[in-house]
Asks: 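Please read through the structure below; I'll follow up with questions.
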Amino acid sequence: MTDLLLKNVRVSRADAVDVLVRAGHIARIGPGIDAAADALVEDGGGALLLPGLIEGHTHLDKTNWESPWYVNEVGSALTDRIDNERAWRASTGHDAASHARALALAFLREGTTRIRSHVDVDTDAGLRHLHGVHAIRDELASRVEIQTVAFPQSGLLIRPGTAELLDQALAQGADVLGGLDPSAIDRDPAKSLDVLFGLADRHGKPVDIHLHEPGELGAFTLDLILDRVAALGMQGKVVISHAFCLGGVDARRLDGLLGRLAALDTAVLTTAPPSRPVPAVRACRQAGVTIFGGNDGIRDTWTPYGSPDMLARAMMIGLRNDLRRDDEVDWAFDCVTGAAARACGFADYGLTPGARADLVLVDASCVAEAVVTRKPRRLVVAGGAIVARNGQDAIA
Ligand SMILES: [Zn+2]
């Protein structure tokens with residue numbers, strides 16, 4: 001791979017610099033870098049340089065991306081949506097791999113170079129979806145890094161045989177073990193969590209649990225989760241996705257939970273939905289809790305919404321959390337960049353020498369303007385290669 005020299009780009013409001021990319025990684029950042037004679041030189045035109053964006057929580061296997069519109073007539077209960085999706089998959093023969101591929105490439109065009117995708121594992125689908133997403137993970141590995149979470153969308157204890165499938169999923173290369181509402185869905189949270197954490201411990205894999213449970217019910221479950229994080233020494237290895245309960249308990253209870261999350265280095269994922277109580281970005285940051293962002297599903301049987309543009313998700317996080325000052329909008333941006341990398345364990349990340357060269361250029365004066373205006377990405381570099389220009393693919 002020849003060197004790539006990106007000239008005349010800015011990191012926030014600072015003076016223009018050049019970025020030298022060698023063998024897929026950032027070799028140098030600074031003013032006036034000279035390139036080797038055979039290097040590919042690209043003029044950044046003074047655009048803002050961002051690190052590759054991160055989708056911290058989506059479901060690539062569920063999406064209808066690049067398919068005809070799905071007419072949503074689904075009931076409002078969580079179990080309605082779960083049952084509807086299983087029936088829809090069975091009747092349509094939904095091909096997780098092709099849809100996952102289309103959406104992953106759409107993410108890449110918008111500058112997202114790392115994705116954590118939960119993937120359904122259940123007694124109807126078995127590991128079919130996981131195999132499909134793993135094929136895409138392998139095919140696109142040089143451009144976009146996809147982490148898979150083996151996710152028991154239909155419940156763990158309530159569907160016998162699921163724990164065994166999760167065990168196989170981890171043995172076959174799923175990166176993370178997922179979970180779902182141990183109290184509300186499995187109705188036996190201590191046993192459910194013992195099975196889940198037992199599997200994670202045996203395979204040495206991180207855990208990422210969907211916790212939709214509201215108020216004190218969710219807080220109760222969260223304490224049970226944190227007990228197991230402490231007992232197994234899984235600090236830095238566990239994510240609580242959604243954690244709506246953190247938006248629905250009183251201040252004293254919230255302080256206690258945030259204190260435990262911080263002490264046990266357990267991160268929180270938010271999609272910042274307007275329709276639910278949510279963990280507050282400001283409170284999490286003040287308590288030292290890593291909070292990061294994602295879409296959840298995009299254009300699937302659960303929701304018509306979502307977008308592969310992570311700057312759009314950052315803006316939603318900013319709006320939902322009343323982040324107005326530039327330095328506060330930077331927190332929303334951190335949710336789809338640095339904080340997401342820390343929480344998910346994406347290595348070699350950032351705008352520093354040695355990091356993987358995942359670079360995004362956008363016409364904006366600063367990060368806050370980039371988040372608010374969300375212009376087409378002028379240039380996307382992934383793993384050291386130019387992959388998109390002005391929102392269009394730049395590779396075959
Ligand atoms: Zn989800």
Side-chain angles (χ1 to χ4, degrees), residues 54-65 70 72 74 76-86 88-89 94 96 99-100 103-104 107 112 114-122 125 129-130 133 146-156 162 166 169 174-182 184-186 196 206-214 218 221-222 225 238-247 267-279 291-308 310 313 316-317 320 335-336 340 343-344:
I54 299 176
E55 164 58 275
H57 181 131
T58 191
H59 295 258
L60 291 176
D61 62 317
K62 296 175 185 285
T63 186
N64 269 310
W65 195 257
Y70 172 76
N72 189 323
V74 186
S76 58
L78 188 60
T79 47
D80 290 338
R81 294 169 181 161
I82 293 170
D83 293 345
N84 173 71
E85 181 178 53
R86 267 206 328 277
W88 168 81
R89 272 188 340 219
H94 177 70
H99 289 86
L103 183 55
F107 268 116
T112 295
R114 321 258 187 151
I115 296 171
R116 173 174 279 196
S117 177
H118 298 249
V119 183
D120 281 14
V121 171
D122 64 51
H129 292 236
L130 193 72
V133 176
I146 298 173
Q147 279 183 352
T148 56
V149 184
F151 174 48
Q153 173 73 81
S154 296
L156 175 57
T162 303
L166 293 174
D175 300 297
V176 181
L177 178 60
L180 172 69
D181 294 339
I185 297 289
D186 269 0
L196 195 76
V207 167
D208 188 333
I209 299 182
H210 280 65
L211 187 61
H212 308 93
E213 296 167 6
T221 306
L222 181 51
I225 293 169
V238 176
V239 168
I240 312 297
S241 281
H242 305 306
F244 295 139
C245 61
L246 295 176
V268 170
L269 172 288
T270 187
T271 65
S275 53
R276 299 290 291 267
V278 294
I291 182 165
F292 67 111
N295 274 280
D296 211 357
I298 296 176
R299 306 246 188 108
D300 55 24
T301 63
W302 292 69
T303 178
Y305 300 109
S307 158
M310 293 314 295
R313 183 56 48 176
M316 285 189 64
I317 292 169
R320 184 70 178 84
C335 286
V336 299
C344 297

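Here the structure is a predicted model, which means the values were calculated and not measured. Every number for a ligand or one of its atoms is a count from 1 in the order of the listing. We number each residue from 1, following the sequence as shown. Heavy-atom basis, side chains included; hydrogens, waters and symmetry copies ignored.
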Asks: Check the Zn ion (ligand 1) and write out every protein N, O or S atom at under 2.8 Å, as residue and atom.
Replies: His57 NE2, His59 NE2, His210 NE2, Asp296 OD1

Asks: Is Met310 close to Phe107 at the side-chain level, that is, under 4.5 Å between some pair of heavy atoms?
Replies: yes

Asks: Under a plain distance cut-off of 3.5 Å, with no hydrogens placed, do Thr221 and Glu213 share a side-chain donor-acceptor pair?
Replies: yes

Asks: Could you list the residues that satisfy side-chain contact (heavy atoms from CB on, under 4.5 Å) with Arg86, not counting sequence neighbours?
Replies: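 Partners of Arg86 under the side-chain contact (heavy atoms from CB on, under 4.5 Å) test: Ile82, Asp83, Arg89, Asp122, Asp124, Ser154, Arg159.
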
Asks: Can you name the salt bridge (Lys or Arg N to Asp or Glu O under 4.0 Å) partners of Asp175, sequence neighbours left out?
Replies: Arg137

Asks: Between Arg313 and Asn295, do the side chains contain a donor N or O and an acceptor N or O under 3.5 Å apart?
Replies: yes

Asks: Taking only residues two or more places apart in sequence, or in another chain, which ones meet Asp300 in a side-chain contact (heavy atoms from CB on, under 4.5 Å)?
Replies: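 side-chain contact (heavy atoms from CB on, under 4.5 Å) list for Asp300, sorted by chain: Lys62, Trp302, Thr303.
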
